[in-house]
Amino acid sequence: MVRRPVAWAVALVLFAEALGVAAVNWFLGVVVDRQDMSLAGLDPHMMSVSSKAGGVVFGLYFALCGLTALLVALRDRAPAGAGKVLLVSAAVVHALLGAFAWGLIGWTAFLFMVAVLALIVLLLMTYDGRAEGGAPGTAPESGTGSPPVTPPAAPTAP
């Protein structure tokens, strides 16, 4: 019941975050390039290019995580394989960014990171106990093809 809306929310938040991270890093790269100042002898053009490249890489990473959440929402199935690894890594990244944001930016950025972390963990946990082939709450089949084992009948008194 909650699975699909959570997956949609995670997808939207991660897509917005991908655009935001890419835009902020691109803007910082432009600022460094226009300042034409070096930091401890580093080449300003190299710092500008590095900031832009980092923004593109992290933007694509968050967009790929958002695409994974979008596929989960569309299919209404748990992420598997690389998709699950991507979402778990996104949760770890948000936990680390939240810890850094608390000290560097403030508690509002920390709360945003923790909220995104909670959404990703909720997405991963709501699909955890669901059987793929049956109704929610049913146990998955053993897959051996043999009939289930039943206990022997209780002995009766003579």
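Computation of the quantities below employed the complete heavy-atom set of this structure, encompassing side-chain atoms and omitting hydrogens, waters and symmetry-equivalent molecules.
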S.K.: Could you tell me whether a side-chain N or O of R4 sits under 3.5 Å from a main-chain N or O of L74, the two making a donor and an acceptor?
M.R.: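 Yes; at least one donor-acceptor contact below 3.5 Å.
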
S.K.: Between C65 and L87, which heavy-atom pair has the shortest distance, and what is it?
M.R.: O-CD2, 3.9 Å

S.K.: How close do V32 and S48 get, heavy atom to heavy atom, and via which atoms?
M.R.: CG1-N, 4.1 Å

S.K.: Rest of the hydrophobic cluster containing L111 (Ile/Leu/Val/Met/Phe/Trp/Tyr, side-chain heavy atoms under 4.5 Å)?
M.R.: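 Reading the cluster by chain and number, L111 sits alongside W102, W107, F110, V114.
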
S.K.: Under 3.5 Å, sequence neighbours excluded: what are the donor-acceptor pairs made by side chains of residues 9-23?
M.R.:
from, atom 1, to, atom 2, distance (Å)
E17, OE1, H94, NE2, 2.7
E17, OE2, H94, NE2, 2.9

S.K.: Any chance you could measure R77, atom CZ, to L71, atom CG, to the nearest 0.5 Å?
M.R.: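 Interatomic distance, R77 CZ to L71 CG, rounded to 0.5 Å: 9.5 Å.
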
S.K.: Can you give the donor-acceptor pairs under 3.5 Å from side chains of residues 148-158 to other protein atoms, not counting sequence neighbours?
M.R.:
none

S.K.: Share the residues that join F27 in a hydrophobic cluster, the rule being Ile, Leu, Val, Met, Phe, Trp or Tyr side chains under 4.5 Å apart at the heavy-atom level.
M.R.: V31

S.K.: Other than V85, which residues form its hydrophobic cluster under the rule that side-chain heavy atoms must be closer than 4.5 Å?
M.R.: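 Noted: V85 shares its cluster with no other residue.
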
S.K.: Kindly give the heavy-atom pair with the smallest separation between A7 and L123, and that separation in Å.
M.R.: CB-CD1, 3.6 Å

S.K.: When hydrophobic residues are tied together by side-chain contacts of less than 4.5 Å, even through go-betweens, does M47 share a cluster with W26?
M.R.: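 Different clusters: M47 never reaches W26 through Ile, Leu, Val, Met, Phe, Trp or Tyr contacts under 4.5 Å.
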
S.K.: Hey, what else clusters with L28 if you join Ile, Leu, Val, Met, Phe, Trp, Tyr whenever side-chain heavy atoms sit under 4.5 Å?
M.R.: V24

S.K.: Using atom types as modelled, flag every donor-acceptor pair under 3.5 Å from a side chain in residues 49-62 to any protein atom, sequence neighbours excluded.
M.R.:
from, atom 1, to, atom 2, distance (Å)
S50, OG, M46, O, 2.7
S51, OG, N25, O, 2.8
Y61, OH, S89, O, 3.4
Y61, OH, S89, OG, 2.7
Y61, OH, A90, N, 3.1

S.K.: Identify whether F112 and F100 are in the same connected component of the hydrophobic contact network (ILVMFWY, side-chain heavy atoms under 4.5 Å).
M.R.: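 No: no chain of side-chain contacts under 4.5 Å links F112 to F100.
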
S.K.: L104 and M113: same hydrophobic cluster, using ILVMFWY side-chain contacts below 4.5 Å?
M.R.: no

S.K.: Just to verify, what does A109 make a side chain to side chain contact (heavy atoms under 4.5 Å, CB included) with, not counting sequence neighbours?
M.R.: A101, I105

